[in-house]
Amino acid sequence: MILCLNLMRLLEKNLSMDNYIRVYENVLNKSICDSVIEKFEKNKDQQEVVKDNGMSFTQIDFGKHDGWGFENKIIFNTLMQCVGQYANDCKIKQVWPKKHGYESVRIKRYLPDGKDEFLEHVDVTSHATAKRFLVIFLYLNDNDEGQTIFPGQDFTSQCKQGNVLIFPPLWPWRHAGRKPIETPKYIVGSYLHYT
């Protein structure tokens, strides 16, 4: 019986499906990342504090405010290039939605205050969010802590400036944004939608 269980575990490991989590490194240069952070900090009147059900951060939604057109265009184009690469890398081009939309790009800041973090969650939790089919994060700065972890996948994405993290938003990809410890963590993100 023990031999059978061990054999099953070995087969499950070797035959497990692709986890569909990808990290693309250094896709946005330091000067652009730094300027987006600087602009975020200058626009305090646009910042919205979010504290609810295990999430605590401050954000600016580019779609709700004028003056972010340049940054939105650069970031959006960068993210879409990564999405194209993702579809190829995961070999899902043939089943990729012919039409899709996206949510407004948002920048989030997590302070190293012992409070800001995003506990384990999924990004599709209601009828309204069920149109999401892909999560896209861009890390704007390096942070020794503040990683994005996937407990069910045994995967951790380090917080590295210019890196893009892409993954599906459903329950097999439960994830959490860890607390930064010494410096604030800045990320930009969006979701692709079925239309």
Side-chain angles (χ1 to χ4, degrees), residues 12-28 33 36 50 53-57 59 61-62 75-110 116-180 185-195:
E12 285 173 1
K13 262 188 179 176
N14 291 328
L15 298 176
S16 66
M17 70 173 197
D18 185 318
N19 68 17
Y20 295 100
I21 301 170
R22 296 291 187 274
V23 176
Y24 298 95
E25 297 181 352
N26 299 314
V27 298
L28 195 62
C33 291
V36 172
V50 177
N53 279 346
M55 59 180 150
S56 177
F57 54 83
Q59 72 177 0
D61 184 331
F62 288 2
I75 290 169
F76 177 77
N77 288 339
T78 300
L79 296 179
M80 290 307 105
Q81 287 175 359
C82 292
V83 164
Q85 185 65 47
Y86 176 89
N88 285 328
D89 291 347
C90 293
K91 298 175 178 47
I92 52 178
K93 270 292 206 194
Q94 291 181 352
V95 294
W96 195 258
K98 289 186 180 9
K99 293 182 182 179
H100 58 80
Y102 65 95
E103 283 185 30
S104 181
V105 174
R106 291 178 284 167
I107 179 173
K108 296 178 182 177
R109 178 191 65 201
Y110 295 82
D116 279 3
E117 68 180 323
F118 208 141
L119 296 177
E120 191 175 319
H121 66 285
V122 295
D123 293 317
V124 170
T125 58
S126 67
H127 186 264
T129 59
K131 60 187 174 183
R132 294 173 173 171
F133 71 89
L134 205 60
V135 182
I136 317 160
F137 292 151
L138 166 66
Y139 298 101
L140 292 175
N141 67 323
D142 289 343
N143 206 301
D144 291 336
E145 300 296 331
Q147 308 95 328
T148 306
I149 63 163
F150 296 81
Q153 302 284 345
D154 194 28
F155 182 85
T156 299
S157 176
Q158 300 301 318
C159 199
K160 297 291 181 194
Q161 186 176 58
N163 284 7
V164 170
L165 169 66
I166 303 178
F167 59 95
L170 302 169
W171 57 266
W173 295 274
R174 296 179 330 275
H175 57 285
R178 293 286 206 201
K179 295 177 185 177
K185 170 179 133 179
Y186 296 87
I187 65 168
V188 175
S190 185
Y191 301 91
L192 290 191
H193 285 177
Y194 295 110
T195 56

task: State, with a plain yes or no, whether a side-chain heavy atom of Gln153 is found less than 4.5 Å away from one of Ile21.
output: yes
- line: When Phe167, Trp171, Trp173 are each screened for ring-ring contact (aromatic ring centres under 6.0 Å, His included) with Phe150, the one that passes is Phe167
- request: May I ask you to test the Asn26-Asn163 pair for a side-chain heavy-atom distance under 4.5 Å?
  value: yes
- request: Sequence neighbours left out, what pairs pass side-chain hydrogen bond (donor to acceptor under 3.5 Å, both in side chains) with at least one residue falling in residues 128-140?
  value: Glu103-Arg132, Ser126-Thr129, Tyr139-Thr148, Tyr139-Ser157
- request: Would you indicate whether the side-chain heavy atoms of Gln147 and Asp144 approach each other to under 4.5 Å?
  value: no
task: Go through the steps to decide whether His175 and Asp123 satisfy the test side-chain contact (heavy atoms from CB on, under 4.5 Å), and finish with yes or no.
output: CA-CA 9 Å; His175 57 285; Asp123 293 317; 3.0 Å; yes
task: Verify the ring-centre separation between Tyr86 and Tyr20: is it less than 6.0 angstrom?
output: no
- prompt: Is Leu134 close to Trp96 at the side-chain level, that is, under 4.5 Å between some pair of heavy atoms?
  reply: yes
message: Between Thr78 and Tyr24, is the side-chain contact (heavy atoms from CB on, under 4.5 Å) condition met? List the steps.
response: CA-CA 11 Å; Thr78 300; Tyr24 298 95; over 6 Å; no
message: For a 4.5 angstrom cut-off between non-hydrogen side-chain atoms, does Leu192 reach Met80?
response: yes
message: Check the orientation of His121 and Phe118. Use parallel for under 30°, tilted for 30 to 60°, and perpendicular for over 60°.
response: parallel
- request: Give the minimum heavy-atom separation between Asn143 and Pro180, together with the two atoms involved.
  value: ND2-CB, 3.7 Å
task: To the nearest 0.5 angstrom, please state how far the OH atom of Tyr194 sits from the NE2 atom of His100.
output: 11.0 Å
message: Rounded at 0.5 Å granularity, tell me how far CG in Asn141 sits from NZ in Lys185.
response: 9.5 Å
- request: Would you please classify the geometry between the Phe76 ring and the Tyr102 ring as parallel, tilted or perpendicular, with 30° and 60° separating the classes?
  value: tilted
task: Step through the shown structure and confirm whether more than 12 heavy atoms of other residues, nucleotides or ligands are within 6.0 Å of CG on Asn53.
output: no
- request: Determine whether Gln85 and Ile166 make a side-chain contact, defined as any pair of heavy atoms from C-beta on separated by less than 4.5 Å.
  value: no
- request: For residues Val164 and Ile136, report the shortest heavy-atom separation together with the two atoms involved.
  value: CG1-CG2, 3.9 Å
query: Could you state the interatomic distance from CG (Leu119) to OG (Ser56), rounded to the nearest 0.5 Å?
result: 9.5 Å
query: So how far is it from Ile107 CD1 to Ile75 CD1, rounded to the nearest 0.5 Å?
result: 7.0 Å
message: Less than 4.0 angstrom from a charged side-chain N to a carboxylate O is my criterion; do Glu145 and Arg178 meet it?
response: no
message: Heavy-atom count check: over 12 atoms from other residues, nucleotides or ligands less than 6.0 Å from Asp89 CG?
response: yes
query: What distance do Lys179 atom NZ and Tyr110 atom OH have between them, rounded to the nearest 0.5 Å?
result: 13.0 Å
- line: Of all heavy-atom pairs linking Ser104 and Ser190, the shortest is O-OG, 4.2 Å
field: Straight-line distance of Gln161 CD to Tyr186 OH, nearest 0.5 Å
entry: 12.0 Å
